[in-house]
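Below you'll find the structure, written out as structure tokens, and then a few comments.
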There are 2 protein chains.
Amino acid sequence: MRRHVLLFGLMAGVVVAVLQLIEYRWLVLAHSMEIYGALIAAVAAGVGIWLGFKLTRPAERVVVREVLVPAPTEFVRDRGQVATLGLTPRELEILEFIAAGLSNREIAERAFVSENTVKTHSGRVFDKLGVRRRTQAVQRGKELGLIP
Amino acid sequence: MRRHVLLFGLMAGVVVAVLQLIEYRWLVLAHSMEIYGALIAAVAAGVGIWLGFKLTRPAERVVVREVLVPAPTEFVRDRGQVATLGLTPRELEILEFIAAGLSNREIAERAFVSENTVKTHSGRVFDKLGVRRRTQAVQRGKELGLIP
DNA sequence: TCGCGCGTCACCCGAACGGGTGATTTTGGC
DNA sequence: GCCAAAATCACCCGTTCGGGTGACGCGCGA
């Protein structure tokens, strides 16, 4: 910007000098004032327009257009639902195992508890989810944002 | 655009007239040429700059920026998987019912077949999916894009 | 017309599941 | 330390599920 102003000043000076030089040569006429002024005005206006272009060109207006792109959102557990349903961490864990397609026995092995314990937990989960089968529990759990 | 040019010509004329008027009043000096020229140049350049702004402002550049937004893609069944697994339409239907958390009896009612038939279908589905329980079948079915 | 895939149904049996009840231990907060 | 919640385990009983086998009918293409 500052460079532009300096450049403009320099050019203006040059223009004036050139015009005066020309005048000293053959433009020594009595009423040359109008022509002289018009010339200067025209040249200066040209420079101004060019300057205007220079100044405004970088001023791009950025228009942001949002495009919907399918983005897989990673799972975030709905803590509110967990709280309102009163699900304990252990019960949620068992629900995840159930959703993974494990049998009660397999869950018992991975959770290091007895099969009876797993049955107790899963039963409580069914109660709290208001379902009667593990497949329903899985479906409901996903609906409620309890499991991925 | 044409209006702009006309306006510029008019203004230039006015400026020259005003300047001449001023000169007739009190600017009748021998070497007032430099001041006069500089004045005209400055005013004309200002007008030019303004014109430049006017001319170039509509030059907007549209930048399209893609923004990732969680967009739920509606389910499309993977026909390739269905074909390679050799799943029949009826079996897919039963798989959907299973995923919905229905018991064999409930599925039998909704599909207007006997419970035994449902068991046959579901057994075949388990075979083809390589699983041994309905919860596993649901999980696998979702993995393979067979069910939503 | 024969075979094949598909859908249908039946029976049996063992395993898994779900419901109910009761009990003990662990844990965390007051 | 005490209390409540959570977690643990057990037993019984009925239901559901899954595996295996066998069978019948229908439609379609070789």
Side-chain angles (χ1 to χ4, degrees), chain A residues 77-144 146-147, chain B residues 77-144 146-147:
Chain A
R77 172 159 293 138
D78 189 337
R79 300 177 185 282
Q81 283 292 353
V82 175
T84 57
L85 293 173
L87 284 168
T88 71
R90 199 56 160 168
E91 287 163 358
L92 268 178
E93 199 182 339
I94 267 65
L95 178 56
E96 286 174 355
F97 279 128
I98 290 177
L102 302 182
S103 69
N104 285 340
R105 181 163 305 175
E106 288 167 337
I107 296 173
E109 288 170 6
R110 307 206 187 185
F112 305 106
V113 293
S114 82
E115 194 178 341
N116 287 312
T117 304
V118 174
K119 288 176 65 178
T120 305
H121 283 312
S122 60
R124 283 207 253 270
V125 171
F126 299 155
D127 274 352
K128 294 178 180 177
L129 292 186
V131 299
R132 306 180 60 76
R133 277 180 292 282
R134 46 180 56 218
T135 44
Q136 284 182 338
V138 172
Q139 219 222 358
R140 192 117 187 78
K142 297 198 184 230
E143 280 178 13
L144 299 176
L146 303 174
I147 47 179
Chain B
R77 172 160 293 139
D78 189 337
R79 300 177 185 280
Q81 283 292 353
V82 175
T84 57
L85 293 173
L87 284 168
T88 70
R90 199 56 160 166
E91 287 162 358
L92 268 179
E93 197 181 342
I94 267 64
L95 178 56
E96 286 174 354
F97 280 129
I98 289 178
L102 301 183
S103 70
N104 286 338
R105 181 162 304 176
E106 289 166 339
I107 296 173
E109 287 171 6
R110 309 206 186 185
F112 304 106
V113 294
S114 83
E115 194 178 340
N116 288 313
T117 304
V118 175
K119 288 176 64 177
T120 304
H121 283 313
S122 61
R124 284 207 252 269
V125 170
F126 299 155
D127 273 352
K128 294 179 181 178
L129 291 186
V131 299
R132 306 182 59 76
R133 277 180 293 282
R134 46 179 58 216
T135 44
Q136 285 182 337
V138 172
Q139 220 221 357
R140 191 119 187 77
K142 298 199 183 228
E143 280 178 14
L144 299 175
L146 304 174
I147 46 180

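Protein atom CZ of Arg105(A) is 19 Å distant from nucleotide atom P of dC17(D), rounded to whole Å. In this structure, Ile94(A) places its CD1 atom 15 Å from C1' of dC17(C), rounding to the nearest Å. Between the CZ atom of Phe126(A) and the C1' atom of dA16(C) there is a distance of 12 Å, rounded to whole Å. Between the CD1 atom of Ile107(B) and the P atom of dG7(C) there is a distance of 15 Å, given to the nearest Å. Rounded to whole Å, the distance from CD on Glu91(B) to C1' on dT8(C) is 13 Å. One can place CG of Leu102(B) at 10 Å from P of dC17(D), the figure rounded to the nearest angstrom. Look at CG on Leu95(A): it is 14 Å from P on dA7(D), rounded to the nearest Å. Straight-line distance from the CD atom of Glu109(B) to the P atom of dT16(D): 11 Å, rounded to whole Å.
With the nearest nucleotide of DNA chain C identified for both Ile98(A) and His121(B), His121(B) has the one nearer the 5' end. Residue whose closest nucleotide on DNA chain C sits further toward the 5' end, between Glu115(B) and Gly123(A): Glu115(B).
Atom CD in Gln136(A) sits 6.5 Å away from atom CD in Glu106(B) (nearest 0.5 Å).
Proximity of Asn116(B) to the phosphate of dC9(C): no side-chain N or O atom is located under 4.0 Å from OP1 or OP2. A close approach under 4.0 Å does occur between a side-chain nitrogen or oxygen of Thr88(A) and OP1 or OP2 of dA7(D). Checking the phosphate oxygens (OP1, OP2) of dG7(C), no side-chain nitrogen or oxygen of Thr117(B) falls inside 4.0 Å. Regarding contacts with the backbone of dC17(C), a side-chain N or O of Asn104(A) is found under 4.0 angstrom from either OP1 or OP2.
Counted by atom type alone, Thr120(A) and Thr117(A) present zero donor-acceptor pairs between their side chains at under 3.5 Å.
Put simply, the side chain of Thr120(B) and the base of dC9(C) share a donor and an acceptor less than 3.5 Å apart. Taking only distance into account, the side chain of Arg90(A) never meets the base of dT26(C) through a donor-acceptor pair shorter than 3.5 Å.
Partner of Ile94(A) under the side chain to side chain contact (heavy atoms under 4.5 Å, CB included) criterion, chosen from Asn104(A), Thr88(A), Ile107(A), Leu87(A): Ile107(A).
Of the candidate nucleotides dC17(C), dC9(D), dC12(C), dC17(C) has the atom lying nearest to any side-chain atom of Ser103(A). Comparing dG7(C), dC12(D), dC9(D) by their nearest atom to the side chain of Lys119(A) picks out dC12(D).
Judged purely by atom type and a 3.5 angstrom limit, Arg134(B) has no side-chain atom pairing as donor or acceptor with the backbone of Ser103(B).
By the 4.5 Å heavy-atom criterion applied to side chains, His121(A) and Val113(A) are not counted as neighbours. Looking at Leu146(B) and Leu85(B), their side chains come closer than 4.5 Å, going by heavy atoms from C-beta outward.
Within 6.0 Å of atom CZ in Arg77(A), more than 12 heavy atoms from other residues, nucleotides or ligands are found, so the atom counts as buried in its surroundings.
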Side chain to side chain contact (heavy atoms under 4.5 Å, CB included) between Gln139(A) and Thr135(A), worked out | CA-CA 6 Å; Gln139(A) 219 222 358; Thr135(A) 44; over 6 Å; no

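Contacts with DNA chain D (heavy atom under 4.0 Å) in residues 129-142 of chain A: Arg133(A), listed by number.
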